[in-house]
**Q** 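The structure that follows is given in the form of C-alpha cells.
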Amino acid sequence: MSQHTEFFARELAELGNGRRDFMEIGRRAGRFPRAFARAVRPGRTMTEINVWCSNDYLGMGQHPVVVEAMKRAIDEFGAGSGGSRNISGTHHLHVLLEKELAALHGKDAALLFSSGYAANDGVLTVLAGRMDDCLVLSDELNHASIIDGIRHSGSEKLIFRHNDTAHLEELLAASDPDRPKLIVVESLYSMTGDTAPLAEIAAISRRHRATTYLDEVHAVGIYGPQGAGVAARDGLGDDFTLVMGTLGKGFGTAGGYIAGPAPLVDAVKNFSRPFIFTTSLPPAVAAGALAAVRHLRGSDRERTRLHANARILKRLLTERGIPYASADSHIVSVVVGDDATCKEAADRLLHGHGSYVQAINAPSVRTGAEVLRIAPSAVHTEADVAEFAAALSTVWDELDAVPAVSPPNREAVQGRLGGS
C-alpha cells in the first residue's frame, strides 16, 4: 500500500460516522418530486420516495419545453460540445443563452461556465487577482466556491460578520480610500435561507467606490421580475456591478454564468483559466437552459406555486413548534443542532415515511448547527406539504429533537450556521 493510500485510509477512518455516504436515486421525469431510491427499505431493491432536498426548485428539470429543447439539440448536434470554446469553437446556442442571460439581468454581457462553482472560482480569481493591491470584503457565510476564488486570487481578504453592514462599513472606513475594493455577497444564503441587506450594501459600495459581486444562485428564476433575482425584486439590479448565477437550480439544468459590464466580462473570458481550459457546456444543456430562462421570463406560475408551498410548510412547522432558521425565502432549514440527531431524523423520515431530506453537517455548517435543509418545490402539492409536515412532526416528537434555540430567536440560529 502506498504512503498516500495509507494516509487517506487513516483520514477516512477518523471521520467515522461523519464520512459522506450518498444514496442512489433516480428522479422520475414527469413525476418529480417522486423518485426511486435503492435499498431504502429491507427486502426491496427500489423504493419510491418523495424528494424534499432538491435544488430544482421550480421543477424545470422535467418541464416539457426544456426536455423537448434538449431532445431536439441532441438530434441535431449530438451529445458533446467537442472541447473548450477557446479551441473547438463557440456554439450558437452558447451565444444565444449568454444574450438571454444578459438581457434577464439588464447587463451588457454574460459568460457561461461549466458550473456555478467554476464561475465563482474563475471570475473572482481574475477580478481580485489581476488588479494590484485589490482588497476583497467577503461575508462570513459566503459559499466555498467564493472562498476558493478569493484564495486563488492571492488578494487580501477581510471577512465581515454575516449581513452586518456596520461591520462592513467599519472595515471599509479603515482602508485606504484609493485602494481598489471588491465586495462579495450572496443574495440568498443556502443553509440559513436568509437574504442579504442589499440596499444597505449597495449604498455602502457607492460611498466607498467599491465594485460589487453578487451571487444569486439560489434566487435566479425564483425571485424578481422575470426571475432576475433578489436584487431585481428589490429594484437594485443596476446597483450591483456583476451578477453571478447558476443554471442548475431554478433553471433546472447545469452550468454557471456571470452578467455585467462588457469590459469585465471580456476580461474574464480572456484571463479565467476555469473558462479557457474547460470543455464547454454540451449544446443540449445550453438548449435546455435557454428554454428554461425564456419560459421563466414569461411565466410566474412556477414561482407562485413554489412560494405558496414554502409559506404553507413554514406555517405548519410553526404550528407544531418546529424551529427553522429564516422566514425570508423558500429554503426551510429546520434547526436540529446535533449531528447524530440530525442524521437519525433524516433516516427516520426516509425509511419510515418515504421522505428524502438531507441532514447538513460540518463543514457545510458549523459543528452544533446541524440542520435538515428542506426545499419545498413548485411541483409538490399541498397534500404533499401537509403529509411531510405531519411526518416531520412525528419524527421530531420521537427524537425529542428540540434545539437550544427557539424559532423567534432567528439571529441566534443564524449565528450558529455557516462559515468562511
Side-chain angles (χ1 to χ4, degrees), residues 12 15-64 66-67 70 115 190-191 218 246 248-254 288 305-306 309-310 313 316-317 322 324 330-334 336 338-362 364-365 370-399 401:
L12 290 170
L15 286 177
N17 291 333
R19 185 170 177 173
R20 294 182 186 273
D21 187 24
F22 302 120
M23 185 176 72
E24 185 179 337
I25 71 170
R27 305 197 316 160
R28 313 305 296 173
R31 296 191 61 206
F32 188 72
R34 298 297 190 274
F36 281 119
R38 290 192 181 276
V40 171
R41 291 190 175 96
R44 298 188 189 178
T45 56
M46 300 289 286
T47 302
E48 187 174 80
I49 60 172
N50 198 325
V51 179
W52 289 92
C53 52
S54 171
N55 286 337
D56 187 1
Y57 300 124
L58 300 174
M60 295 306 294
Q62 64 173 354
H63 196 286
V66 175
V67 174
M70 295 186 74
S115 70
S190 63
M191 291 298 118
H218 290 275
T246 183
K249 294 180 173 62
F251 296 125
T253 53
R305 290 175 61 186
L306 168 63
N309 282 340
L313 179 58
L316 292 173
L317 295 184
I322 298 175
Y324 48 89
H330 63 285
I331 296 170
V332 186
S333 288
V334 167
V336 179
D338 176 76
D339 187 22
T341 304
C342 200
K343 289 179 180 177
E344 180 64 20
D347 283 346
R348 292 194 184 199
L349 283 168
L350 179 64
H351 296 288
H353 302 274
S355 293
Y356 177 39
V357 179
Q358 189 61 255
I360 306 296
N361 57 6
S364 299
V365 294
E370 292 78 10
V371 297
L372 292 172
R373 185 186 180 277
I374 302 161
S377 75
V379 290
H380 284 102
T381 65
E382 287 189 28
D384 287 334
V385 177
E387 182 179 339
F388 174 77
L392 179 58
S393 181
T394 297
V395 169
W396 199 261
D397 291 341
E398 290 172 351
L399 295 175

**Q** Please round to the nearest 0.5 Å and tell me the distance separating atom CD of Gln358 and atom CZ of Phe22.
**A** 8.5 Å
**Q** Measuring from atom CD1 of Ile49 to atom CZ of Arg28, what distance do you get when rounded to the nearest 0.5 angstrom?
**A** 11.0 Å
**Q** Mark yes or no for whether His380, through its side chain, and Val51, through its backbone, hold a donor-acceptor pair below 3.5 Å.
**A** yes
**Q** Rounded at 0.5 Å granularity, tell me how far CD in Glu382 sits from CZ in Arg305.
**A** 10.0 Å
**Q** Output yes when a side-chain donor or acceptor of Asp56 lies under 3.5 Å from a complementary backbone atom of Met60, and no otherwise.
**A** yes
**Q** Once you round to the nearest 0.5 Å, how far does CG of Asn50 lie from CG of Leu350?
**A** 11.0 Å
**Q** Considering all heavy atoms of both residues, which atom of Ala386 and which atom of Leu316 are nearest to each other, and what is their separation?
**A** CA-CD1, 3.9 Å
**Q** Considering residues at least two apart in sequence or located in another chain, which fulfil the salt bridge (Lys or Arg N to Asp or Glu O under 4.0 Å) criterion with Arg34?
**A** Asp384
**Q** Rounded to the nearest 0.5 Å, what's the gap from OG on Ser54 to CZ on Phe32? Could you check?
**A** 3.5 Å
**Q** What do the steps show when you test Phe388 against Val357 for side chain to side chain contact (heavy atoms under 4.5 Å, CB included), and what is the final call?
**A** CA-CA 10 Å; Phe388 174 77; Val357 179; 3.6 Å; yes
**Q** I'd like to check the side-chain hydrogen bond (donor to acceptor under 3.5 Å, both in side chains) partners of Ser190; sequence neighbours left out, ordered by chain and number.
**A** none
**Q** Going by the rule side-chain hydrogen bond (donor to acceptor under 3.5 Å, both in side chains), which residues pair with Asn309 if we only count those two or more places apart in sequence or in a different chain?
**A** none
**Q** Do NZ/NE/NH1/NH2 and the carboxylate oxygens of Asp347 and Lys343 come within less than 4.0 Å?
**A** no
**Q** Give me the atom names and distance for the closest heavy-atom approach of Tyr57 to Ala375.
**A** CE2-CB, 3.9 Å
**Q** Considering residues at least two apart in sequence or located in another chain, which fulfil the side chain to side chain contact (heavy atoms under 4.5 Å, CB included) criterion with Val395?
**A** Ala345, Arg348, Leu349, His353, Glu398, Leu399
**Q** Of all residues at least two apart in sequence or in a different chain, which pass the side-chain hydrogen bond (donor to acceptor under 3.5 Å, both in side chains) check with His330?
**A** Tyr223
**Q** Search all heavy atoms of Thr253 against all heavy atoms of Gly288 and return the closest pair with its distance.
**A** CG2-C, 3.8 Å
**Q** Sequence neighbours left out, what passes side chain to side chain contact (heavy atoms under 4.5 Å, CB included) with Ser115? Give chain and number order.
**A** Tyr117, Ala118
**Q** Working to the nearest 0.5 angstrom, can you tell me the gap between Asp339 CG and Glu370 CD?
**A** 5.0 Å
**Q** Quick one: does Leu372's side chain get under 4.5 Å of Cys342's, heavy atoms only?
**A** yes
**Q** Does any non-hydrogen side-chain atom of His218 lie less than 4.5 Å from one of Asn55?
**A** yes
**Q** Is the closest side-chain heavy-atom distance between Cys53 and Tyr356 below 4.5 Å?
**A** yes
**Q** Would you say the side chain of Ile331 lies within less than 4.5 Å of the side chain of Tyr324, judging by non-hydrogen atoms?
**A** no
**Q** Measure across Leu313 and Ala389 and return the closest heavy-atom pair with its distance rounded to 0.1 Å.
**A** CD1-CB, 4.2 Å
